[in-house]
Amino acid sequence: MIKRKSNPHQYYHITISVAFLCFWTLATIHGYVAYGFVQASSYIVPSLVALGVGVLIGYLFTLRSAYQTTSEQFRAIADQAQEFIYLRQLDGQYEYVSPSCAVITGRTAEEFYNHPNLMDQLIHPDDLARWNSHVHRINERGENESFDLRLRSVDGRIKWISHICMPIYDEKGRQTGVRSTNLDITDRKEDEDKLRQASAIFMHVTEGVVITDANVKIIAVNQTFSDISGYSEVELLGKSPTIWRSEQQGESFYQEMWDTINTTRQWCGEVINRRKNGDLYPAWLSISGVVNDHGQITNYVSIISDTSNLKQSQERVEYLAHHDLLTGLPNRRLFGDRLEHALQRAHRNKTVVAILHIDLDNFKSINDGLGHPVGDKVLQVAADRLHLAVREEDTVARVAGDDFSIILEDITDSESVAHLANKILSAFATPFHVDNHELHVNISIGISLYPDDGDDVTSLIKNADAAMYQAKEKGKGCYCFYTQAMTNAALDRLTMENRLRKALSQDEFRLYYQPQYALNTGKLIGAEALIRWQNSELGLVSPDEFIPLTESTGLILPIGEWVLYEACRQAKSWQDEGYDLSRIGVNIAGQQVQHGNIVYTVNKVLEETGLDPTCLELEVTESFIMQQAEQAISTLQALRELGVALAIDDFGTGYSSLSYLKLLPINKLKVDRSFVKDIPNDKNSEAIVRAVIVLGKSLQLEVIAEGVETEEQEDFLKAEACDEVQGFYYSRPLPADEFERILVKANANDFSALSSSNL
Ligand code: C2E
Ligand code: MG
Ligand code: MG
């Protein structure tokens, strides 16, 4: 506890009063003793007066000393004070000026003493009016005042001071001057300015600003961020910024971001955030760690720019640079880029690319005759029709006025291109209806193919263009390949395709049957059904000539089903007639396994024909099985479960993987005839056939050799213990009625020698 020290001056008046009191008491006692009570009483009044005067004098002495003491203390304190303190008389004369005036005003105390009202000259002009009225008020009315104002120091710098001013009064209560303290608040004012500016920036900046504490909990967000994110500040305070993460960037992305911030205290990059309504938006994010004097991070400040508009405008610029505004199609530039990429892909994958160059035959007359607005609409309709005619992945571009180009990738054959060209031509067969005009717009199409007609963008475009002029010369409204041979081939195939489409309904297909024998016994054990096409113009067409076309057009599905049905029906019919035919082989195309719902079809056919499933053997080519092994396995498995047998046809040509062979639910390998044919001249072929037989045996599969034409071949196969044979040596494929003769013979002599069955 601090003990308050008593002031010695306060005892002066008591001492003097006591002295007078003693003097009065002594005088009174002396009066009693010397003159008796009555006379002594006459001393009382003057004595009391003397006592009062004593007390008063004592008191005045005390006051004066006290005043002197207070004034010294004040000076002592004021001399040490940081504030600039002054006492000024009403006439402006400075009575006291504290030394800190030099620091704050740049003027010495001397200058103040020598120049009354020096303060007035130091006031900043903008604050002068206020100062003058303040001086007036305090001098006239003696009111306490305090306010901030600016001074100009000697070096021209502006100082902010907090000015407090109080009137001073004399003992009689009259104002004699003022007492003022002036604190330099320049730094505070500057800080306040900076804060105000920072706050204005924070609130009005066009970027979103988010401030978190060291634990990454949000402590402030600005309005822009609320506008961007859709969250109000209240919704975000205390939350973690993960609230607007989109999960588009994995955890590792954010981990790396924080690693960078923690080491460098800064990170910037692109992020995908989620707005409150769930929409995603791209943003440019910059995060800085704010550190205190001890180097510890106290806050994180994130600046977030919503770049979705920027991206959109970039995309728009990009779009405009690469598209034709009238039709919305890619322009020549984008067409060139896409073709370049298509050629690179085709080069890598060894595939074919087609370029179709299309020109509107009579566009100029439409444009000249009906005006450009109609011409523009015709181009738009043309663009729509072209777009509708091709696949989604194909590129249709408007490369010049009435010139369009199309890129077709992964072309399997020129027929499919010709097919598309026909499709486009028929899309333009319907008249255009534009502004009440019915317009017949014909087109000519020129086609070039990579790699046959050129291996770079320029030559392929040039050649497609040349082909287009050829089409025009041919009378317009048609298409032309760059080479005539290709045009002819495509035309032939198209004719064929059209005929094939009718063949099924016109009952032009036939099945031929080729017998198959057990090699060790010579017994007829089955037949392979082989399709033929009997066409009035083309004659008897072999399957090699039309099966590939039925596969590329999808016609194989109905045709394959017909074959299956007809073969089973015929076999069952022979069995019912008492012929010993224990198996009928039917070739199945890969497409039937992939898309044809083959399990259902086989089951249905077996039910409808009544053929025992064990009498049906389906032949699937090795090349298909190896391309589609994984997908095919379950379908083949389901077929096996129906009870039918499965053989791999053309074995040895399809690069079988042994691991797959083991997994496949098959019964038989058919050695391809290309190997059998060269026996005994080619040792390699012999070795392959031998190896296939060994392989089949080791996998517990039967092996049949097809294409056996000679006795030597038969001898070789016998020596290698091949199970079965099939070939011209025994019989060519025969129509049903002729095959019946073989059945008759087989029935007559079950155990006849193989050579005797040779027709
Ligand atoms: P493939 O399944 O390997 O049929 C055997 C082919 O070899 C048949 O030709 C047959 O006539 C022929 N051939 C048989 N023995 C000999 C011989 O000793 N020497 C010679 N040079 N050839 C012989 P084809 O009938 O022309 O059939 C060719 C291919 O067409 C078949 O080969 C098969 O892949 C396919 N095919 C035939 N019919 C059908 C069918 O109905 N559906 C499917 N998807 N493909 C079929
Ligand atoms: Mg076959
Ligand atoms: Mg074969």
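All figures in this text were calculated on a predicted structure; none of them were measured in a lab. What's counted below: heavy atoms across the whole structure, side chains too, no hydrogens, waters or symmetry copies. Both counts, for ligands and for their atoms, begin at 1 and track the order of listing.
- Heavy-atom contacts of Val563 reach the following atoms of ligand 1: 41 (O) (cutoff under 4.0 Å).
- When each atom of ligand 1 is checked for a heavy atom of Asp650 under 4.0 Å away, the hits are 3 (O).
- Contact of the Phe404 side chain with the Val399 side chain is not registered, since no non-hydrogen atoms from C-beta on lie closer than 4.5 Å.
- If you number the atoms of ligand 1 from 1 as listed, the ones under 4.0 Å from a heavy atom of Pro543 come out as 24 (P), 25 (O), 26 (O), 27 (O), 28 (C), 30 (O), 36 (N), 37 (C).
- Checked by distance only, ligand 1 and Asp649 come closer than 3.5 Å through their nitrogen or oxygen atoms.
- Stacking of Arg732 on the aromatic ring of Phe728 is recorded, both the 6.0 Å distance cut-off and the 45° axial limit being met.
- Considering backbone and side-chain atoms together, Leu511 places no N or O closer than 3.5 Å to any N or O of ligand 1.
- In summary, Asp650 and Lys670 do not engage in a salt bridge, as defined by a charged side-chain N under 4.0 Å from a carboxylate O.
- The pair Lys604-Glu561 meets the salt-bridge criterion, since a charged nitrogen lies less than 4.0 angstrom from a carboxylate oxygen.
- Around the Mg ion (ligand 2), the protein atoms of type N, O or S that sit closer than 2.8 Å are Glu528 OE2, Asn587 OD1, Glu619 OE1, Asp649 OD2.
- At least one cation-pi condition fails for Arg690 and Phe716: the charged atom is not both under 6.0 angstrom from the six-membered ring centre and inside a 45 degree cone around its axis.
- Using a 4.0 Å cut-off to heavy atoms of Asp544, the atoms of ligand 1 that qualify are 28 (C), 29 (C), 30 (O).
- Relative orientation of the Trp533 and Phe546 rings is perpendicular, given thresholds of 30° and 60° on the angle between their planes.
- The residue Lys670 has no part lying near ligand 1, judged by heavy-atom distances below 4.0 Å.
- Between Arg345 and Glu409, at least one side-chain N (NZ, or NE/NH1/NH2) sits under 4.0 Å from a carboxylate O, which counts as a salt bridge.
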Report task. Carefully, step by step, assess Lys523 and Asp580 under the rule salt bridge (charged side-chain N to carboxylate O under 4.0 Å, His left out). Result -> CA-CA 10 Å; Lys523 190 175 171 345; Asp580 185 12; 2.9 Å; yes
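- Looking only at protein heavy atoms, the nearest one to atom 12 (C) of ligand 1 is Arg673 NH1, 3.3 Å.
- Atoms of ligand 1 lying under 4.0 Å from at least one heavy atom of Ala589, given by number and element, are 44 (N).
- For atom 46 (C) of ligand 1, the closest non-hydrogen atom of the protein is Asn587 CB, 3.7 Å.
- Under the side-chain hydrogen bond (donor to acceptor under 3.5 Å, both in side chains) criterion, Glu724 pairs with Arg583, Lys668, sequence neighbours left out.
- Taking the six-membered ring where the residue is Trp, Phe509 and Trp562 present tilted rings, their angle falling between 30° and 60°.
- Atom SG of residue Cys478 and atom CE of residue Met468 lie 11.5 Å apart, to the nearest 0.5 angstrom.
- Every N/O-N/O distance between Gln726 and ligand 1 stays at or above 3.5 Å.
- Looking at Gln514 next to ligand 1, an N or O pair under 3.5 Å apart turns up.
- Using a 4.0 Å cut-off between heavy atoms, Lys677 makes no contact with ligand 1 at all.
- Judged purely by distance below 3.5 Å, without hydrogens or angles, the side chains of Asn349 and Thr351 never pair a donor atom with an acceptor atom.
- The existence of a salt bridge linking Lys718 and Asp715 is excluded, since no basic side-chain nitrogen approaches an acidic carboxylate oxygen closer than 4.0 Å.
- For atom 21 (N) of ligand 1, the nearest non-hydrogen atom of the protein is Glu709 OE2, 3.2 Å.
- Between the side chains of Thr395 and Arg338, at least one donor-acceptor pair of N or O atoms lies under 3.5 Å.
- A salt bridge does not link Glu508 to Lys502: none of the charged side-chain nitrogens sits closer than 4.0 Å to a carboxylate oxygen.
- Close approach to Gly707 involves these atoms of ligand 1, each under 4.0 Å from a residue heavy atom: 15 (N), 16 (C), 17 (C), 18 (O).
- Polar contact with ligand 1: absent for Ser542 (N/O pair, distance under 3.5 Å).
- Residue, atom and distance of the protein heavy atom nearest to atom 38 (N) of ligand 1 are Ile531 N, 3.1 Å.
- For the pair Asp361 and Lys472, the salt-bridge criterion is met [side-chain N within less than 4.0 Å of a carboxylate O].
- Residue contact check: Pro733 has heavy atoms under 4.0 Å from atoms 11 (O) of ligand 1.
- In summary, the atoms of ligand 1 found under 4.0 Å from a heavy atom of Glu706, numbered by their order in the structure, are 3 (O), 5 (C).
- From the protein, the heavy atom lying nearest to atom 18 (O) of ligand 1 is Phe728 N, 2.8 Å.
- If you check which protein heavy atom lies closest to atom 31 (C) of ligand 1, you get Leu530 CD2, 4.2 Å.
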